[in-house]
**Q** 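The structure that follows is given in the form of structure tokens.
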Amino acid sequence: MKTIKYSDALREAVAQAMDADPTVIVMGIGVDDHKAIFGSTKGLVNRFGPTRVFDTPISEAAMTGIALGASLGGLRPVHIHIRADFLYLAMDQIFNMAAKWRTMFGGKMGAPLVIRAVIGRSWGQGAQHSQSLQSFFMHVPGIRVGMPTTAADGQGLLLSALKSSDPTILIEHRFLYDIMGEVSEPAVPTPFGRAIVRREGKDLTIVANSYMVVESLKAAEFLSANGIDAEIVDPISLVPLDQNTILGSVRKTGRLLVIDTSWVTCGMSAEIAALAADQAFSSLKGPVRRMGMAPVTCPVSKPLEKLFYPTAETIAAEAFAMLGRRAPAGAPVLDAKFKGPF
Amino acid sequence: MKTIKYSDALREAVAQAMDADPTVIVMGIGVDDHKAIFGSTKGLVNRFGPTRVFDTPISEAAMTGIALGASLGGLRPVHIHIRADFLYLAMDQIFNMAAKWRTMFGGKMGAPLVIRAVIGRSWGQGAQHSQSLQSFFMHVPGIRVGMPTTAADGQGLLLSALKSSDPTILIEHRFLYDIMGEVSEPAVPTPFGRAIVRREGKDLTIVANSYMVVESLKAAEFLSANGIDAEIVDPISLVPLDQNTILGSVRKTGRLLVIDTSWVTCGMSAEIAALAADQAFSSLKGPVRRMGMAPVTCPVSKPLEKLFYPTAETIAAEAFAMLGRRAPAGAPVLDAKFKGPF
Amino acid sequence: MKKKPRFSPERDLALRLYRTMLEIRLAEQRIVTIYPSDKIQSPVHLSIGQEGISAGLCLALAPGDHLYGTYRGHGLYLARGADMGEMFAELYGKDSGCTRGKGGSMHLVAPHVGLMGCSAIVGSTIPVATGDALAAKTLKKKYVTAAVFGDGAVDEGVFFESVNFAVLKKLPVIYVCENNKYAIHSKVSDRHAQTVVAKFASGLGLRGITIDGDDVFGVYKTVLREAAALRRGGAPVLIEMTTHRWQEHVGPGSDIEEYYRHKGEKSRAQRSDPLSRAQSVLKKKFGVTKDDLVAMQAEITAKVDGAVAFAEAAPFPGPQRLAADTFASA
Amino acid sequence: MKKKPRFSPERDLALRLYRTMLEIRLAEQRIVTIYPSDKIQSPVHLSIGQEGISAGLCLALAPGDHLYGTYRGHGLYLARGADMGEMFAELYGKDSGCTRGKGGSMHLVAPHVGLMGCSAIVGSTIPVATGDALAAKTLKKKYVTAAVFGDGAVDEGVFFESVNFAVLKKLPVIYVCENNKYAIHSKVSDRHAQTVVAKFASGLGLRGITIDGDDVFGVYKTVLREAAALRRGGAPVLIEMTTHRWQEHVGPGSDIEEYYRHKGEKSRAQRSDPLSRAQSVLKKKFGVTKDDLVAMQAEITAKVDGAVAFAEAAPFPGPQRLAADTFASA
Ligand SMILES: Cc1ncc(C[n+]2csc(CCOP(=O)(O)OP(=O)(O)O)c2C)c(N)n1
Ligand SMILES: Cc1ncc(C[n+]2csc(CCOP(=O)(O)OP(=O)(O)O)c2C)c(N)n1
Ligand SMILES: [Mg+2]
Ligand SMILES: [Mg+2]
């Protein structure tokens with residue numbers, strides 16, 4: 001075991017996979033430059049050469065199809081996008097093609113491409129550099145979807161994706177990149193489809209993903225100090241989704257709050273709330289609540305942006321309300337200390 | 001009042017708008033040919049000329065941006081796609097641009113473009129010609145979303161969209177095109193944000209959209225003949241969503257079944273189920289249930305396709321189960337009589 | 001014209017090219033016959049009139065080469081020698097179909113003979129084929145990949161994005177544009193001011209040539225030459241092959257005299273019929289007799305009969321097939 | 001060189017072009033100064049070194065013409081004469097900003113002076129500008145629309161799709177490619193085998209020309225001529241304007257000596273500085289004195305001071321602004 005940054009964990013995982021499997025390649029805008037996708041591809045081009053690690057033209061649609069075709073031809077491409085918002089350009093290749101390749105050809109072929117995309121936030125990212133599209137990838141069948149929260153998740157899910165025979169997308173969060181976490185040496189694959197209980201508790205279940213887990217854990221400390229014991233479940237794998245762990249927790253606590261990095265409407269939070277309202281109905285003691293980005297386009301101005309995202313404070317407040325209590329003063333504020341210029 | 005086909009209602013509405021407003025134009029692949037998008041644009045090019053009604057190159061991404069730009073320059077484009085699946089190509093322009101234009105420029109401009117897209121089904125449409133992406137459009141704020149079920153809805157929502165100052169998408173269903181319905185003369189706009197109660201009932205609420213309303217009404221007849229009185233709510237407007245009408249119905253019946261033309265996960269059905277689990281929690285007498293396309297890529301083979309979609313029969317069966325009853329024999333089968341070649 | 005000996009390799013090749021076209025023609029004509037029965041519940045995009053391209057291309061490519069096609073894919077599928085019975089079974093939605101009833105007519109596939117997939121989204125396989133060529137180059141494999149698409153596909157941005165990447169990386173990919181003059185009912189000139197498809201991407205450095213796609217021998221020779229050049233490390237190329245679509249865009253009928261067609265198209269198409277033209281060559285150059293041709297036709301008709309019988313007899317997929325093949329391990 | 005009279009229209013124009021460039025330069029240098037204070041919490045993409053294009057283009061276009069830009073948009077915004085205070089306020093995230101703090105540095109807008117919008121998605125405004133030109137043509141309005149984008153934007157498929165449509169419909173649109181030689185850290189030659197951007201879409205019939213974007217007078221003249229041609233019903237055109245990016249891609253620093261840069265770029269960029277070059281012309285051709293220039297600099301510095309003061313004093317948007325401006329009626 002050792003403790004490293006999230007970005008380093010991603011880098012080490014792919015390097016380990018590249019060492020073991022000569023078919024693994026890394027492609028995407030900027031993967032080979034000195035910024036190296038916030039360090040997550042640092043040094044790879046020197047170590048594995050420009051045939052296996054290369055920058056691409058700014059052609060997200062074709063490059064996704066090219067990654068797909070490369071996967072059919074025997075490569076295992078990791079295609080990286082520094083912002084998830086750019087995936088809108090690649091949706092046809094992702095959904096009409098990669099996600100359907102195995103099924104529409106009757107199981108004759110799999111398309112083992114891996115997409116990594118980073119959610120942006122703050123420092124003026126605004127309308128077009130702040131979106132997290134996991135619900136799209138959950139809606140349309142055919143792609144494994146992971147949202148690694150810790151260094152270990154990042155390493156494990158990426159390794160797992162690189163051993164899969166089908167397309168996988170990993171959605172990462174910019175705010176997680178510098179967070180330290182324990183990882184095993186050498187890295188081992190984390191199976192998709194297993195949620196992680198980040199904190200055990202009995203009074204309510206908070207299902208949160210990605211950076212929202214960090215905020216939720218902070219909220220849970222405050223709740224705990226005030227006599228509320230929150231259980232925090234982090235799906236990390238959205239497709240397949242570990243329904244059992246989520247439902248088990250809800251059946252235990254009877255209360256569910258779902259928190260997503262994206263919008264609420266038709267989001268991951270809707271899915272998990274609906275799941276509970278169906279499969280854990282008889283255990284529910286109160287309304288299922290959801291939190292996510294405000295239902296508007298992401299603003300740049302700091303005071304507006306603060307209102308736009310759930311925070312430890314608003315999460316705690318919601319939890320208190322769900323338990324019929326008034327939120328006491330003194331809620332923690334997580335200072336992400338994130339600075340630009342990008 | 002008169003009774004006309006859904007496709008004719010769409011055509012008459014746009015013709016009426018074009019008569020009244022010289023800035024309305026119709027564009028899209030095949031809008032000016034003899035097939036005329038299943039008749040819904042028939043005769044328009046003769047009547048309004050090729051400057052206002054024109055075929056486009058097969059360039060969905062740019063043509064969407066062009067429609068957006070045209071709307072900023074003072075036109076009101078209706079951009080038509082014969083299959084909703086092609087919208088994946090246009091997602092960047094729809095979500096990063098059109099949906100955000102007003103907000104990210106601080107309200108300085110609106111982008112009154114209208115997109116019409118048709119959901120395909122059956123006769124071998126299969127993987128890439130059968131998708132209905134309403135949940136994407138619900139997830140990302142900034143676009144009005146309508147799913148007209150009847151001729152009157154089609155006419156009314158289209159007219160309403162053509163008077164709006166913001167982008168609108170109408171998602172239509174191929175199976176509805178030949179269904180006759182009453183419309184007013186001249187056509188009048190239907191406001192967005194008002195659900196329609198298609199059938200009143202007291203035992204359970206079925207929220208269904210588009211062609212699923214047709215199946216649900218058929219199911220309701222059978223349920224009714226067996227002593228179950230279903231209320232059927234058709235949102236027709238998904239953004240904004242008429243939460244009050246839906247919640248009012250759920251509060252009355254205590255039971256909710258949501259049926260969508262698309263997949264269940266993170267779909268419209270997830271959103272409405274989650275809404276009820278939050279806002280109508282105390283009225284719920286049992287688990288909220290959802291139905292939609294099976295969680296797989298759409299198959300072509302008829303016997304598989306029959307299992308893929310909810311039908312009057314499976315809807316009725318679900319309703320019986322929700323009320324703790326066994327489904328009796330004799331469930332109706334809706335024969336859509338849909339024939340190709342396309 | 002000098003008569004060639006009866007068993008020369010040229011003669012054999014010419015006969016194989018012709019036979020391949022005839023197989024496509026007869027199979028598709030059978031689809032037309034069957035269609036009114038509603039046994040084929042699938043949108044069919046026929047290649048009647050365009051067989052020269054599929055035959056010339058598929059025979060010129062090596063066995064290990066890869067191809068990607070469109071919803072108009074019967075020709076490629078048959079010309080690569082994939083099983084005709086499995087094609088008809090697929091059209092019938094049967095479990096014995098080449099995609100076990102999942103894909104239908106628009107998604108034929110036969111990876112064992114290099115047909116890696118066909119897609120119903122215009123232009124969508126162009127980048128995929130390009131990526132396959134990237135894999136070949138990266139893994140130092142010798143195969144060449146052909147992306148086959150229509151004159152409508154060059155409207156899509158991915159065409160330009162893909163060829164730019166292919167030219168940049170010098171990938172072993174042949175872009176084959178079947179220019180049948182229409183995208184559904186829309187002429188090339190309705191969608192482009194400059195109408196020579198072969199030139200569209202010249203600004204990106206893509207070499208383009210235009211050939212007569214209804215001359216199966218010319219198609220064969222050109223593809224052979226270009227594929228060999230690619231195998232020697234040459235640059236990617238776009239081959240525009242002009243042809244004629246006799247039928248309506250989708251469905252079994254013919255609409256060659258519809259209002260939207262070019263004037264005089266029917267007679268031009270007939271004169272350009274790749275089968276008739278090849279027949280004359282067979283007769284004049286290789287001494288193939290009418291009897292030979294009648295025998296061949298009978299043979300293929302029997303093959304089509306067999307394929308249809310196979311499809312008719314084949315079982316539909318069982319309900320457990322619905323959830324199958326979403327993920328490898330599921 | 002013959003001295004021009006002090007008040008000739010040419011001299012006046014030259015001074016206006018220079019002043020516009022200097023405004024951009026000084027405003028952006030002020031951004032560099034302010035940045036470490038973290039008052040500007042926004043990714044800033046500076047145009048220092050590229051001012052010749054914004055100034056020449058924006059002054060050559062008529063008041064009613066439309067423009068669309070990118071995240072690198074300060075130059076266009078200021079050159080069109082939009083309010084500098086509202087720009088700084090926007091960078092500060094203030095309610096008095098040109099988008100009231102919604103868009104930030106990457107989404108400047110000023111429709112009253114024709115700047116219809118700037119977008120942070122590469123290539124994304126190219127079709128939008130094209131559509132605006134379609135509206136102009138359809139509604140028989142006289143304005144011309146300019147799409148301004150970088151050498152990276154021509155990688156995107158929408159570029160080709162858009163120009164194809166513009167050429168087909170003969171739309172009054174000018175495509176302006178600011179070729180600063182890099183897309184972030186990637187050279188044009190890293191992304192294209194053929195590197196003359198002006199030729200990229202020639203196969204679609206798009207006329208392309210390449211000019212020196214650091215020569216503000218040349219930019220002005222070329223745009224004036226091309227816009228006039230379009231107003232007379234001419235065909236769309238792509239003008240590639242070569243220039244130099246002095247700063248890092250995003251942020252306040254300079255990285256002109258980083259490893260990824262072309263060799264000798266710093267000195268070439270300095271020699272090509274559009275302001276120095278214009279200064280020589282002003283001095284030699286129009287008799288502008290050092291004192292004149294000092295006065296101008298002082299004047300503009302005061303304007304920047306005022307703009308920053310305005311931004312500092314402006315209020316942040318109140319919480320009710322979060323939900324505002326999603327829909328017109330909401
Ligand atoms: C992205 C996309 N847009 C539109 C369509 C509808 N469509 C199906 S075939 C076709 C025409 C394609 O023409 P072409 O590429 O010339 O091929 P052909 O049918 O002539 O073989 C169109 C527009 C589609 N399938 N995919
Ligand atoms: C669709 C998309 N892909 C990637 C990015 C990330 N990105 C931001 S700017 C940029 C480079 C653009 O270069 P260029 O067009 O030359 O403009 P410049 O920044 O040089 O002015 C890239 C790749 C983006 N914003 N949008
Ligand atoms: Mg064609
Ligand atoms: Mg650049």
Side-chain angles (χ1 to χ4, degrees), chain A residues 60-61 85-89 91-97 99-100 102-104 126-128 131 133-136 138-142 239 241 256 258 262-282 284 286-290 294-300, chain B residues 60-61 85-89 91-97 99-100 102-104 126-128 131 133-136 138-142 239 241 256 258 262-282 284 286-290 294-300:
Chain A
E60 284 81 358
D85 312 64
F86 308 156
L87 292 171
Y88 284 127
L89 286 151
M91 297 266 159
D92 177 56
Q93 288 296 326
I94 295 175
F95 289 122
N96 277 328
M97 303 293 278
K100 297 185 172 38
R102 178 178 295 281
T103 308
M104 78 182 171
Q128 298 173 332
Q131 295 167 89
L133 304 176
Q134 53 270 21
S135 72
F136 286 27
M138 294 173 73
H139 185 60
V140 182
V239 177
L241 184 68
L256 175 61
V258 195
S262 189
W263 290 287
V264 163
T265 308
C266 292
M268 182 202 81
S269 69
E271 179 58 28
I272 290 175
L275 177 72
D278 181 0
Q279 302 291 312
F281 178 76
S282 57
L284 287 175
V288 179
R289 303 286 294 165
R290 295 181 281 163
V296 298
T297 291
C298 178
V300 151
Chain B
E60 284 82 358
D85 311 66
F86 308 156
L87 292 172
Y88 284 126
L89 286 150
M91 296 266 157
D92 177 55
Q93 288 295 326
I94 294 175
F95 289 121
N96 276 330
M97 302 293 278
K100 299 190 172 30
R102 179 179 294 282
T103 309
M104 77 181 170
Q128 298 172 331
Q131 294 166 91
L133 305 177
Q134 53 271 18
S135 71
F136 286 27
M138 294 173 73
H139 185 60
V140 183
V239 177
L241 184 68
L256 175 61
V258 195
S262 190
W263 288 287
V264 163
T265 308
C266 293
M268 181 201 81
S269 69
E271 178 57 29
I272 290 174
L275 177 71
D278 180 1
Q279 302 291 314
F281 178 76
S282 58
L284 286 174
V288 178
R289 301 286 293 165
R290 295 181 281 162
V296 298
T297 291
C298 179
V300 151

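By convention in this document, chain letters (A, B, ...) are assigned in the order of the sequence lines, proteins followed by strands, and residues within each chain are numbered from 1. The model shown is predicted, which means the values in this text are computed figures rather than measured ones.
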**Q** Is there a side-chain contact between A:R290 and B:E271 (heavy atoms, below 4.5 Å)?
**A**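 Yes, close enough: below the 4.5 Å cut-off.
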
**Q** Looking only at heavy atoms, which two atoms of B:W263 and A:P141 are closest? And how far apart?
**A**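 Taking every non-hydrogen atom into account, CE2-CD, 3.2 Å.
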
**Q** Any non-hydrogen side-chain atom of B:R102 less than 4.5 Å from a side-chain atom of A:T297?
**A**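 No; the side chains remain at least 4.5 Å from each other.
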
**Q** Of the non-hydrogen atoms in A:T265 and B:H139, which two are nearest, and what is the gap between them?
**A**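 Minimum heavy-atom separation between A:T265 and B:H139: O-ND1, 2.7 Å.
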
**Q** Taking B:G267, B:A273, B:G142 one by one, which has the highest count of heavy-atom pairs under 4.5 Å against chain A?
**A**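 Answer, by heavy-atom pair count under 4.5 Å with chain A: B:G267.
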
**Q** Please classify the contact between B:Q134 and chain A as side chain, backbone, both or neither, with a heavy-atom cut-off of under 4.5 Å.
**A**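 When you check distances to chain A, no heavy atom of B:Q134 falls under 4.5 Å.
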
**Q** Can you tell me which residue among B:F95, B:Y88, B:F136 is in a side-chain contact (heavy atoms from CB on, under 4.5 Å) with A:Y88?
**A**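 Result: among B:F95, B:Y88, B:F136, B:F95 is the only option passing the side-chain contact (heavy atoms from CB on, under 4.5 Å) with A:Y88.
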
**Q** Where does B:V140 contact chain A at under 4.5 Å (heavy atoms): side chain, backbone, both or neither?
**A**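 Looking at B:V140, backbone and side chain both touch chain A.
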
**Q** Considering only heavy atoms and a distance below 4.5 Å, find which of A:A270, A:C266, A:S135 pairs most often with chain B.
**A**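 Of A:A270, A:C266, A:S135, A:C266 has the most heavy-atom pairs under 4.5 Å with chain B.
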
**Q** Could you tell me which portion of B:V288 (side chain, backbone, both or neither) has an atom closer than 4.5 angstrom to a non-hydrogen atom of chain A?
**A**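 Both backbone and side chain.
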
**Q** Side chain, backbone, both or neither: which part of B:A276 has a heavy atom under 4.5 Å from chain A?
**A**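 Neither part; nothing is under 4.5 Å.
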
**Q** Quick one: which of A:V264, A:V239, A:L89, A:D92 has the most heavy-atom pairs under 4.5 Å with chain B, could you say?
**A**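 Highest number of heavy-atom pairs under 4.5 Å: A:D92.
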
**Q** Heavy-atom cut-off 4.5 Å, strictly under: side chain, backbone, both or neither for B:Q93 against chain A?
**A**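 When you check distances to chain A, no heavy atom of B:Q93 falls under 4.5 Å.
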
**Q** Just so I understand: if I count every heavy-atom pair under 4.5 Å between each of A:S269, A:S262, A:A61 and chain B, which residue has the most?
**A**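 When all of A:S269, A:S262, A:A61 are compared, A:S262 has the most.
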
**Q** Please rank B:A99, B:G126, B:C298, B:A277 by heavy-atom pairs under 4.5 Å with chain A and give me the top one.
**A**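 Max contact count across the listed options: B:A277.
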
**Q** Please examine the side chains of A:N96 and B:D85, heavy atoms only from C-beta on, and report whether any two atoms are closer than 4.5 Å.
**A**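 Yes, at least one pair of side-chain atoms sits under 4.5 Å.
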
**Q** Is it the backbone or the side chain of B:L284 that comes under 4.5 Å from a heavy atom of chain A, or both, or neither?
**A**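 Interface part for B:L284: both.
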
**Q** So which of A:M97, A:Q131, A:E60 has the biggest tally of heavy-atom pairs under 4.5 Å with chain B?
**A**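 Max contact count across the listed options: A:Q131.
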
**Q** Compare all side-chain heavy atoms of B:M104 with those of A:Q128 and state whether any distance is below 4.5 angstrom.
**A**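 Heavy-atom side-chain distance check passes, below 4.5 Å.
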
